[in-house]
Amino acid sequence: MDLKWLHTFTTAATHENFRKTAEELYISQPTITVQIKLLEDEVGSPLFERDGRRVILTEAGKRFLPIARNMIELYENGMSDLDRFRQGYSQKLTLAMSPLIAESIMPYVLKRFMVIHPEIEISVQVLDSMNISEAVLAGEVDLGLSRLHINNSDLICRPLYEDPVILVVPHDGRDSETAPPLDAEELLRNHHLITHNHPEYWDGLLQSLRTQFPMLKTMAVSQVHVTRRFIIEGLGVSFLPSSTVRRELLEGRLLEAPCNFLKLPIAKTYAVLKYEHPKEKQFLDFLSKFRF
């Protein structure tokens, strides 16, 4: 049985139209007809019946459709596994991580891990923290790295590290040695506060801020990398986990304004997993050696 016939059959079953099937597969419509006929001869039953311009599955076609899809999936998974073997991989670790984590220290961590463990193939899905638990539960990923604590009895949610939250402001162009200290209260009164770029701490933090700054102007921005850019361009200030702006602070593109008048929250990163298999434990043990 030719795999091309199975692809043609499943595509035709989706479109219920040989012309659309031919367009998607970039082959001629007569070729579609020939391949379907060859497949019908192979299985010994008609798989489609015509209804005007449409083709619809026969009862035999309906029964054969999941079999065909399983055969295609089995073949593709087998070829993928063989390809990993040729590349020297004996294991695969699929990670889900929030954008906040993916763009901080994680590239450096993954690079080091892959050098030390060349036998492990790494696959990464970047998801919002609120969607990571669903991916772990569904078995789509082995391990999630989230900024959001998960309350689910079917999952393990373990804190990995804590990240101080700081007030980040645009560089004022002054020399750091001769310039007067930054006045956080003045900055908050005179700038928009960019909010809700982290899933955990903003509601409580805003409540505390509004008691001291009733006229506080805010602008919600959902992504940290956009928030950083907005601050650099002078659009506002924000409270961000220190690890997410480490490079910009070192390079002088952003500044930290001390907030002695306010108890700042601590941002946390969590490991979310369903099973503690050796490969997940191995990665988490490796990750724990880094200072964030």
Side-chain angles (χ1 to χ4, degrees), residues 1-51 53-97 102 110 113-115 117-127 131-145 154 272-283:
M1 186 176 295
D2 195 317
L3 191 69
K4 293 195 294 290
W5 305 349
L6 297 177
H7 275 294
T8 299
F9 168 65
T10 57
T11 306
T14 299
H15 291 300
E16 296 185 334
N17 185 290
F18 283 178
R19 180 182 59 79
K20 291 181 180 179
T21 301
E23 290 174 355
E24 179 172 328
L25 298 179
Y26 297 101
I27 55 180
S28 68
Q29 191 168 331
T31 301
I32 299 293
T33 303
V34 169
Q35 290 185 2
I36 294 298
K37 180 64 170 64
L38 291 170
L39 182 60
E40 290 175 332
D41 291 342
E42 182 80 18
V43 301
S45 296
L47 299 174
F48 289 104
E49 58 186 30
R50 292 193 174 274
D51 180 17
R53 294 185 178 181
R54 293 175 58 214
V55 290
I56 58 177
L57 289 170
T58 61
E59 287 302 315
K62 292 176 184 177
R63 294 179 70 89
F64 185 66
L65 181 59
I67 298 171
R69 285 174 172 160
N70 287 339
M71 292 170 71
I72 293 171
E73 182 180 7
L74 182 63
Y75 172 83
E76 291 177 346
N77 288 343
M79 293 303 296
S80 178
D81 184 68
L82 184 59
D83 187 53
R84 289 197 296 272
F85 174 76
R86 284 195 293 261
Q87 294 180 59
Y89 297 127
S90 60
Q91 299 181 65
K92 182 176 182 179
L93 179 64
T94 304
L95 305 171
M97 60 185 71
L110 289 176
F113 185 81
M114 291 163 68
V115 169
H117 299 283
E119 79 284 0
I120 300 179
E121 179 188 11
I122 300 292
S123 177
V124 176
Q125 293 186 28
V126 180
L127 303 172
N131 297 326
I132 287 176
S133 60
E134 296 176 7
V136 176
L137 273 173
E140 297 170 2
V141 300
D142 301 308
L143 173 64
L145 302 174
D154 295 324
V272 182
L273 58 163
K274 196 172 183 179
Y275 308 107
E276 287 193 279
H277 292 147
K279 61 182 179 181
E280 288 89 342
K281 186 176 185 304
Q282 186 178 44
F283 182 79

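No experiment lies behind these values; they were computed from the predicted model shown.
The shortest side-chain heavy-atom distance between M1 and M71 falls under the 4.5 Å cut-off. Proximity of Q282 to L93: side-chain heavy atoms (C-beta onward) are nowhere separated by under 4.5 Å. Proximity of L25 to I32: side-chain heavy atoms (C-beta onward) are separated by under 4.5 Å at one or more points. Put simply, the side chain of D142 does not reach to within 4.5 Å of the side chain of F283, judged on heavy atoms.
For the atom pair T8 OG1 and L38 CG, the distance stands at 10.0 Å (nearest 0.5 Å). For the atom pair CG (L65) and CG (N70), the distance works out to 9.5 Å, reported to the nearest 0.5 Å. Distance check, rounded to the nearest 0.5 Å: NZ of K274 to CG of D154 gives 6.5 Å.
For E276, the side-chain hydrogen bond (donor to acceptor under 3.5 Å, both in side chains) partners two or more places apart in sequence, or in a different chain, are R158. By the side-chain contact (heavy atoms from CB on, under 4.5 Å) test, T31 pairs with I27, S28, Q35, sequence neighbours left out. With sequence neighbours excluded, the residues satisfying salt bridge (Lys or Arg N to Asp or Glu O under 4.0 Å) with E59 are K62. Shown here are the ring pair (Phe, Tyr, Trp, His ring centres under 6.0 Å) partners of Y275, two or more places apart in sequence or in another chain: H277. Partners of D2 by side-chain contact (heavy atoms from CB on, under 4.5 Å), not counting sequence neighbours, listed by chain and number: K4, W5. Residues satisfying the side-chain contact (heavy atoms from CB on, under 4.5 Å) criterion with A68, sequence neighbours excluded, are L6, F9, T10, F64. Remark: V124 pairs with M97, L110, I122, V126 by the side-chain contact (heavy atoms from CB on, under 4.5 Å) rule, at least two apart or across chains. In this structure D41 satisfies the side-chain hydrogen bond (donor to acceptor under 3.5 Å, both in side chains) test together with K37, sequence neighbours excluded. Taking F18 as the reference, F48 meet the ring pair (Phe, Tyr, Trp, His ring centres under 6.0 Å) condition, with sequence neighbours excluded.
Between the E49 side chain and the T58 main chain, no donor and acceptor come within less than 3.5 Å of each other.
The two residues V55 and R50 make their nearest non-hydrogen contact at CG1-NH1, 3.8 Å. Of all non-hydrogen atoms in A60 and P46, the two that sit nearest each other are CB-O, 3.7 Å. The two atoms that bring T94 and Q125 nearest to each other are CG2-NE2, 4.4 Å, heavy atoms only. Scanning both residues, K92 and K279, for their nearest heavy atoms gives O-NZ, 2.6 Å. When all heavy atoms are compared, the tightest approach of L127 to A96 is CD1-CB, 4.0 Å.
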For residues 132-141, run the donor-acceptor check on the side chains, cut-off 3.5 Å, and write out each pair with its distance to 0.1 Å, sequence neighbours left out.
none

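Applying the ring-ring contact (aromatic ring centres under 6.0 Å, His included) rule to pairs touching residues 26-47 yields nothing, sequence neighbours excluded. Screening residues 8-29 for salt bridge (Lys or Arg N to Asp or Glu O under 4.0 Å) gives E16-R54, R19-E23 as the qualifying pairs, with residues at least two apart or on separate chains.
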